[in-house]
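Convention: sequence-line order gives letters A, B, ...; per-chain numbering from 1. Both backbone and side-chain heavy atoms feed into the values below; hydrogens, waters and symmetry mates do not.
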Protein chains: 2
Amino acid sequence: MAVPKSELQRRLGVFADTFRRKGLRATHQRMEIFRELAASDEHPDAETVYQRVVKRVPAVSRDTVYRTLASLEDQGLIRRTAVLGGPARYDANTKRHHHFVCTKCGSVKDFHSEALDDLSIPRSVKAFGRIGSAHVQVRGVCSACIGPRARPR
Amino acid sequence: MAVPKSELQRRLGVFADTFRRKGLRATHQRMEIFRELAASDEHPDAETVYQRVVKRVPAVSRDTVYRTLASLEDQGLIRRTAVLGGPARYDANTKRHHHFVCTKCGSVKDFHSEALDDLSIPRSVKAFGRIGSAHVQVRGVCSACIGPRARPR
DNA sequence: GTATTTGCAAAGCGTTTGCAGGTCT
DNA sequence: AGACCTGCAAACGCTTTGCAAATAC
């Protein structure tokens with residue numbers, strides 16, 4: 001689940017560069033909020049990010065977490081994913097990937113697949129408009145929720 | 001966009017059967033709410049369903065629309081799809097299909113593709129848990145939002 | 001007759017916003 | 001100085017819920 005140190009360093013570098021280039025400020029709060037996402041492959045929601053960051057930076061507020069996440073998303077540093085009936089999930093993995101979503105607890109897991117990356121969008125879809133990206137969402141029940149002591153959300 | 005009359009009849013039949021079998025009541029309101037979804041290939045949100053149904057059944061309330069949509073979803077008669085930052089969209093097309101989502105106005109359009117239906121989920125995903133369904137979501141900007149007089153939401 | 005369903009109103013949750021004070025350059 | 005950022009609190013949009021009256025079977 002943990003991101004390799006080298007990749008984390010790379011992500012933090014991209015973050016600092018991007019913000020500097022746009023004239024935005026890489027404040028302590030923003031740094032810690034981004035680090036929280038960049039250091040793990042989980043897809044926490046805003047409240048979870050807040051709970052974790054507030055331990056290290058007690059002065060941070062929920063609003064700042066929301067605003068920072070929106071700002072990071074605008075800069076393309078993180079992605080937001082909607083999950084049915086739950087809060088939005090955030091994700092610092094900007095490489096092309098797909099999602100497994102647990103319909104019980106709402107957890108999201110990334111997976112990679114070259115085969116799926118190349119999937120061909122039917123011609124008919126082009127008639128709908130300009131196509132941006134395509135990704136696969138697999139729904140199912142994660143092992144934690146199936147397991148002997150399931151703790152569904 | 002309109003569903004063929006024969007398909008509409010079929011859907012209404014399934015609705016009546018399913019509710020009867022489960023001991024639920026096929027009230028006037030529920031019938032009209034389901035018909036609104038079953039008669040079209042759009043993916044309206046709850047508010048839109050309410051606005052349309054209330055024209056024909058002025059006595060219906062928003063709460064009943066929400067409750068009925070939840071109930072129809074429980075029975076597997078409709079599907080709910082989350083769209084980033086917007087209200088949930090509902091959909092009476094229970095055949096396997098995929099979605100085009102407009103990132104400007106949030107509209108959702110169905111498309112079918114045998115090639116995509118057969119996409120092979122990588123072995124590694126099975127490790128996450130029990131796999132239910134897989135579907136492709138294409139994001140882009142619909143022609144209405146690109147068009148000469150774009151009216152983004 | 002009885003369990004279900006409805007409308008109303010109020011609360012709930014996740015999220016966004018206006019504002020005044022504070023911070024960085 | 002000037003732009004940006006923060007925390008606070010209040011508002012927001014979407015959705016769910018408790019309750020008493022109405023309804024379907």
Item to check | Side chain proximity check, A:Ile33 to A:Arg30, heavy atoms < 4.5 angstrom | outcome: no

Checklist entry - In residues 50-60 of chain A, which ones come under 4.0 Å of DNA chain D, going by heavy atoms? => result A:Ala59, A:Val60

Checklist entry - Quick one: are A:His135 and A:His99 in side-chain contact, heavy atoms under 4.5 Å? => result yes

Item to check | Phosphate OP1/OP2 of D:dT6: any A:Arg30 side-chain N/O under 4.0 Å | outcome: yes

Next on the checklist: So A:Ala70, base contact, sugar-phosphate only, or nothing? Heavy-atom distance under 4.0 Å.
Outcome noted: nothing

Next on the checklist: Is it the case that atom CZ in A:Arg20 sees more than 12 heavy atoms from other parts of the structure closer than 6.0 Å?
Outcome noted: no

Using residues 67-74 of chain B as the side-chain source, report each donor-acceptor pair under 3.5 Å to any protein atom, sequence neighbours left out, with the distance given to one decimal.
residue, atom, partner, partner atom, Å
B:Thr68, OG1, B:Thr64, O, 2.7
B:Glu73, OE1, B:Arg80, NE, 3.2

Checklist outcome for this item: Note: B:Ala134 and A:Val136 closest approach over all heavy atoms is CB-CG1, 4.5 Å

Next on the checklist: At under 4.0 Å between heavy atoms, how does the protein contact nucleotides 19-25 of chain C? Give one character per nucleotide, 5' to 3', with B, S or -.
Outcome noted: ----BB-

Item to check | Of B:Phe19 and B:Asp63, the one whose closest DNA chain C nucleotide lies more 5' | outcome: B:Phe19

Checklist outcome for this item: Taken in chain and number order and not counting sequence neighbours, the residues that satisfy salt bridge (Lys or Arg N to Asp or Glu O under 4.0 Å) with A:Arg35 are A:Glu32

Next on the checklist: So, taking the atom named CG in A:Leu116 and the one named CD1 in B:Ile121, what distance separates them when rounded to the nearest 0.5 Å?
Outcome noted: 6.0 Å

Item to check | Rounded (10°) bend between the five-pair end axes of the helix from C:dC13-D:dG13 to C:dT25-D:dA1 | outcome: 30°

Next on the checklist: Test of understanding: with salt bridge (Lys or Arg N to Asp or Glu O under 4.0 Å), list the residues that count as partners of B:Arg62, not counting sequence neighbours.
Outcome noted: B:Glu47

Next on the checklist: Any base atoms under 4.0 Å from B:Gln29, or only sugar-phosphate, or nothing? Heavy atoms, all strands.
Outcome noted: sugar-phosphate

